[in-house]
2 protein chains.
Amino acid sequence: MFSKACKYAINAMTYIATLPKERDRVGLKEISKEINSPEAFTAKILQVLVKDHLLTSIKGPNGGFMMRGKSEEIFLGQIVEAIDGDVLFTGCALGLEHCNGHHPCAVHHKFKAIRDHLAGMLMTTSLKEVAFGINNGTNFLRS
Amino acid sequence: MFSKACKYAINAMTYIATLPKERDRVGLKEISKEINSPEAFTAKILQVLVKDHLLTSIKGPNGGFMMRGKSEEIFLGQIVEAIDGDVLFTGCALGLEHCNGHHPCAVHHKFKAIRDHLAGMLMTTSLKEVAFGINNGTNFLRS
DNA sequence: TTCAAAAGATGATTTTCGTCATGATTAAAA
DNA sequence: TTTTAATCATGACGAAAATCATCTTTTGAA
């Protein structure tokens, strides 16, 4: 479904969103430790999120990452698109180069319903909502 | 979503299902040509489907592959499971080793709905139904 | 200036995807 | 019956992409 990079990205963004406003920045080490991800690989992913304006970064001592916008205005779909691109939303389920309503693959219509369901969920689920479950203790960032 | 191998598998099985009953076997060359897939790689995939009892193979001149059961009794989910395993149906969307109702990942409940939707579709969509769209001319196996 | 932290470049490893050569089987031809 | 050729089966190999690590450079606060 998602690439590993994308899973790390969602968990990382979620963790950052769980932090109180007083914590204005978080370091890579803490993030990768909290979400149980390889540090160097996580760094790469965070770089992409910074370039995509979902995060801001600060260098130097006491540097780190912070969210660019409000957590209620950042949605899972934005993260997925930043890392995995839009192939999940627009690509053909069976790999046809040109697959659309006029030239549909064998399962095009069946999958449209699934895809719409998935896209709708991703585009309406905010980081604030997800982070709430973590702070609540009902959901977890690691096993 | 699906691996390339799985996409080829679905298209290959669908093509075989489109053939009339008189055609009791189809060769690899014809299959990979019709679904526009690399021949050698497709051979590997068909082998797995044979081992999984979704296909039967016959060697020698005029050999080939044929479906093991009726196309109305073979469902997309069986093909997906044979090639990609059950990770799509049971694996955690965010990659947690142990993710379940008692220890859910950040998006566990949100994804359960999607997953159930997807699994339901795959488990109830038969090859016969899919093949009908191809024979109908409304759907296509290649671009 | 010093030093901690992110950014960036590069390389290693693993997985997936794909090819090739060879063997095994069997129908058809001789 | 024997030979030939077509076809699937198998294993080794190679290419490409994804994942993960190491090292150097840049930045900026103390």
Side-chain angles (χ1 to χ4, degrees), chain A residues 1-13 16 23-33 35-68 80 82-85 87-88 91 94-95 97, chain B residues 1-13 16 23-33 35-68 80 82-85 87-88 91 94-95 97:
Chain A
M1 185 80 88
F2 300 141
S3 69
K4 279 197 173 190
C6 188
K7 297 173 184 178
Y8 294 147
I10 293 176
N11 276 325
M13 290 292 289
I16 298 174
R23 290 286 313 272
D24 60 339
R25 59 192 74 172
V26 200
L28 165 66
K29 278 203 185 69
E30 178 178 339
I31 294 173
S32 65
K33 183 183 174 187
I35 71 174
N36 194 32
S37 67
E39 202 175 304
F41 191 46
T42 306
K44 279 263 178 74
I45 297 162
L46 294 180
Q47 281 175 35
V48 174
L49 295 175
V50 169
K51 283 185 185 167
D52 235 75
H53 306 299
L54 291 175
L55 289 178
T56 302
S57 68
I58 301 176
K59 291 185 181 177
N62 272 325
F65 299 89
M66 62 178 94
M67 288 212 296
R68 183 103 165 188
V80 173
I83 304 296
D84 281 348
V87 60
L88 186 63
L94 295 184
E97 185 77 26
Chain B
M1 184 80 90
F2 300 141
S3 69
K4 281 200 173 188
C6 189
K7 296 174 183 176
Y8 293 147
I10 292 176
N11 277 325
M13 290 291 291
I16 297 174
R23 290 284 314 270
D24 59 341
R25 59 191 74 171
V26 200
L28 166 66
K29 278 203 185 69
E30 179 177 339
I31 295 173
S32 64
K33 182 183 174 188
I35 71 174
N36 195 31
S37 67
E39 201 175 305
F41 190 44
T42 306
K44 285 270 169 72
I45 296 162
L46 295 180
Q47 283 174 33
V48 174
L49 296 175
V50 168
K51 283 185 184 168
D52 236 74
H53 306 298
L54 292 175
L55 289 178
T56 302
S57 68
I58 300 175
K59 292 182 180 177
N62 275 322
F65 298 89
M66 62 178 93
M67 287 211 298
R68 183 104 165 186
V80 173
I83 303 297
D84 281 350
V87 60
L88 186 62
L94 295 185
E97 185 76 26

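In what follows, chains carry the letters A, B, and so on, assigned in the order in which the sequence lines appear, proteins first and then strands, with residues in each chain numbered from 1. Please read all numbers here as calculations on a predicted model, not as lab measurements.
- Residues satisfying the salt bridge (Lys or Arg N to Asp or Glu O under 4.0 Å) criterion with A:R25, sequence neighbours excluded, are absent altogether.
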Distance-only check: which donor-acceptor pairs under 3.5 Å involve side-chain atoms of residues 6-13 of chain A, not counting sequence neighbours?
none

TODO: Any chance you could list the contact pattern along nucleotides 7-13 of chain D? Use B for base contacts, S for sugar-phosphate-only contacts and - for none, protein heavy atoms under 4.0 Å, 5' to 3'.
DONE: BBBBBB-
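- End-to-end axis angle for the helix from C:dT1-D:dA30 to C:dA30-D:dT1, using five pairs per end and rounding to 10°, comes out at 10°.
- Considering only side-chain N and O atoms, A:K4 lies under 4.0 angstrom from the phosphate OP1 or OP2 of D:dC20.
- For A:R68, there are no side-chain hydrogen bond (donor to acceptor under 3.5 Å, both in side chains) partners at least two apart in sequence or on another chain.
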Kindly list each side-chain donor-acceptor pair under 3.5 angstrom involving residues 35-49 of chain A, sequence neighbours excluded, with atom names and distances?
| residue | atom | partner | partner atom | Å |
| --- | --- | --- | --- | --- |
| A:S37 | OG | A:T42 | OG1 | 2.6 |
| A:T42 | OG1 | A:P38 | O | 2.5 |

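- Closest non-hydrogen pair, B:V87 versus B:D84, comes out as CG1-O, 3.6 Å.
- OP1 or OP2 of D:dC20 has at least one side-chain nitrogen or oxygen of A:Y8 nearer than 4.0 Å.
- Interface limits on DNA chain C: the 5'-most and 3'-most nucleotides within less than 4.0 Å of chain B heavy atoms are C:dC17 to C:dA28.
- The separation between A:F41 atom CZ and D:dA17 atom P is 15 Å, rounded to whole Å.
- Rounding to the nearest 0.5 Å places CG of B:L88 at 6.0 Å from CZ of B:F2.
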Check residues 51-65 of chain A and write down every donor-acceptor pair under 3.5 Å in which the side-chain atom is one partner and the other belongs to a residue at least two apart or another chain.
none

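- Every residue was checked against the side-chain hydrogen bond (donor to acceptor under 3.5 Å, both in side chains) condition with B:S32, not counting sequence neighbours, and none meets it.
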